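Beneath this line is the structure, given in structure tokens, with notes to follow.
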2 protein chains.
Amino acid sequence: MRPTIRDVAREAGVSLASVDRVLNRRPGVRAGTILRVEAAVARLGFVRDLAAANLSRRRDYRFVFLIPTGPNTFMRELEAEARALGEQVRPARVAVEVVGVPPFDGEALAAALDALAPGEVSGVALVGTDAAVARDALVRLAAAGVPVVTLVSDVPFAPRSRYVGIDNVAAGRTAASLLGRFLGPRGGTVALVAGSMLVRDHVERRMGFEQVARAEFPRLSPLPVIEGRDDAAATRAALAALMAREPGIAGLYNMGAGNRGVIDLLRALPESGRPLAVAHELTPHTRAALRAGLIQAVIHQDAGHEARSALRILRAAAEGAPLNEAQERIRVEVYLRDNAP
Amino acid sequence: MRPTIRDVAREAGVSLASVDRVLNRRPGVRAGTILRVEAAVARLGFVRDLAAANLSRRRDYRFVFLIPTGPNTFMRELEAEARALGEQVRPARVAVEVVGVPPFDGEALAAALDALAPGEVSGVALVGTDAAVARDALVRLAAAGVPVVTLVSDVPFAPRSRYVGIDNVAAGRTAASLLGRFLGPRGGTVALVAGSMLVRDHVERRMGFEQVARAEFPRLSPLPVIEGRDDAAATRAALAALMAREPGIAGLYNMGAGNRGVIDLLRALPESGRPLAVAHELTPHTRAALRAGLIQAVIHQDAGHEARSALRILRAAAEGAPLNEAQERIRVEVYLRDNAP
DNA sequence: GTGAAAGCGCTAACAT
DNA sequence: ATGTTAGCGCTTTCAC
């Protein structure tokens, strides 16, 4: 039988309340008593039952996830994961609420953040738009004592703020490595497509790509970045225009969303004229394109893992619990046709 | 305020005990009462507090992990993860015990399994050795009602038995894809190294490799598999012998452990004569080799994820709870120098 | 069949 | 500074 605070109290010769005070480091206990209780705890190997403690405290948690609206497949998956997670943790008395926010819109994000009543929310996770207004709203929220994590795209707003997502520089480096090796010693020109150079993740991916291209694959010539605003049609049009004025493109790296546009364009090209392509996020579209050989590799981040990780981090912050850091590292996943799930 | 069984009882006009009986589908309740309770549950949106339920049931869990002994870095990491996990879940009244078992030894594994008293253990996770004796012991254990999962290397012993680990055929396919692309149109002969063709994971990796090599990279010529028993020295010796009698090896796929032996040998080779290499499991050694350019890619499985997944599955089985299947899928991770964490 | 009441291990008033 | 006691939400005897 595992020891309880009653056992500890008896062993230390004090009351339950004193044991509780010591365990929770509450004031009002003599130093000597503290020592006796701690000795008893050590002797018995006592470990406090978290469930019982939380039950007694009748704590309820409410966490809010701010996720961009719009057709972006990855964001929709992230939202679905957050909602599913909410169902899963409900029996443990924690509520997860998903709030939609217009994408690429710092003002809207700031407004949504300011609308949160600090007393009523135990923590906030949000997909960042790196604008000054948003940063300010985050600072206010954190100042009010609400734990905050940024998801997928970071907004560094405080020295100790946490980011849940991949290392986007590493992702860009990986893309360059793959394209560099796949293209071989001949190299070639490479088209770079982003959603917007105003979101941090795309900027960082580009940086990583250039680093490796320059240092290790000098025969790789990246063209200036074109922007597709994470929209399929716009991306396709911009890319088509680029290919028209820049013949002989050998490689393609889509750092943003809008993969449907890229894939449609690739499919329309004669096989001999198709660049080798690397894209982000495994979705039904990119998976099909991998299988069809239209895309050679996909760099991926696991939305479910990110949602769970964000919740674990917020929960730990809310209850002052420790964290298994290794579990929270989001992987830069690489999928070829053969290991795609 | 979230509803409790008291609210449900009041709403349905019955007692707490009846509500409890209905919620837990225990017999001895009239059909009409059941309906009234269920209606009240639905009306109030009642969700049972799991922590309180477990507390009241005063349930303790004890799970046993059977992990091969020996110097295999990956297995040591798996053990460390299992132990760390044990610390983490102790406050929730679940104990995780790690038991060492000699590797590649079906008899020893069977003996360890038979030594488990079915009544005293809530679930067992084990790294499989696919021998008949082990399979029989697993059947006995499962028949005694103990939930079982196989880890890393499967032992199919029952139609509904669960396996926690990567799809090793996909891993082998991925290795072939990478080597095929990296070597380019010239192709070349490829050395295949395994620990033992008696463990299922290595056999499956080989199968996957051959599939892709034949179908997609006909210029890739895999040599017959050599075995190193997951031992660095033995692996190095066997590989050196192979290279001596088979000059001009262009690629290398180590499906097993013993990476230290492979890496030492590669380092000793003149740079021009080094095959491009793909290995399994990211460890300090393989990470360093990636950075040094001695290995081009590592196929990895996350030991921490596997340990946590095994525990979640066993726990769910023990308490009859549902599972988030997506969370339990172990990824075939691919690491190049640039995305290695 | 159904209900009342006593806990599970811990916390939080409220005494002392 | 320390102890007593009444719960937290649920399960489980044991009566009725």
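Model, not experiment: these values are computed from the prediction. Below, chain A is the first sequence line, B the second, and so on; all start at residue 1.
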Nucleotide N/O of nucleotides 13-16 of chain C paired with protein N/O under 3.5 Å:
none

Side-chain donor-acceptor pairs of residues 52-65 of chain A under 3.5 Å, sequence neighbours excluded:
unit_1, atom_1, unit_2, atom_2, d
A:R57, NH2, A:N24, OD1, 3.0
A:R59, NH1, A:Y61, OH, 2.9
A:D60, OD1, A:R93, NH1, 2.5
A:D60, OD2, A:R93, NH1, 3.4
A:Y61, OH, A:E319, OE1, 3.1
A:R62, NE, A:E97, OE1, 2.9
A:R62, NH1, A:E120, O, 2.8
A:R62, NH2, A:E97, OE2, 3.0

Please classify the nucleic acid contact of [X] as base, sugar-phosphate, or nothing, using heavy-atom distances under 4.0 Å.
| X | result |
| --- | --- |
| B:R59 | nothing |
| A:R2 | nothing |
| B:V19 | nothing |

For the pair made of [atom1] in [X] and [atom2] in [N], what is the distance, rounded to whole Å?
| X | N | atom1 | atom2 | answer |
| --- | --- | --- | --- | --- |
| B:D7 | D:dG9 | CG | P | 9 Å |
| B:L16 | C:dG7 | CG | P | 16 Å |
| B:R26 | C:dG1 | CZ | P | 15 Å |

Show me the side-chain donor-acceptor pairs of residues 303-310 of chain B shorter than 3.5 Å, one per line, residues at least two apart or across chains.
unit_1, atom_1, unit_2, atom_2, d
B:H305, NE2, B:Q327, O, 2.9
B:S309, OG, B:E328, OE1, 2.6

Sequence neighbours left out, cut at 3.5 Å: what donor-acceptor pairs do the side chains of residues 25-47 of chain B make with other protein atoms?
unit_1, atom_1, unit_2, atom_2, d
B:R26, NH2, B:D20, OD2, 2.2
B:R36, NH2, B:A12, O, 3.0
B:R43, NH1, B:E11, OE2, 2.3

Estimated bend of the helix from C:dG1-D:dC16 to C:dT16-D:dA1 (axis per five terminal pairs, rounded to 10 degrees) |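 About 40° separates the two local helix axes.
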
Would you jot down, in residue-number order, the residues of residues 36-58 of chain A having a non-hydrogen atom under 4.0 Å from DNA chain D?
-> A:L55, A:S56, A:R58

Are A:T4 and C:dC8 close enough that a side-chain N or O sits under 4.0 Å from OP1 or OP2?
->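 No, outside the criterion.
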
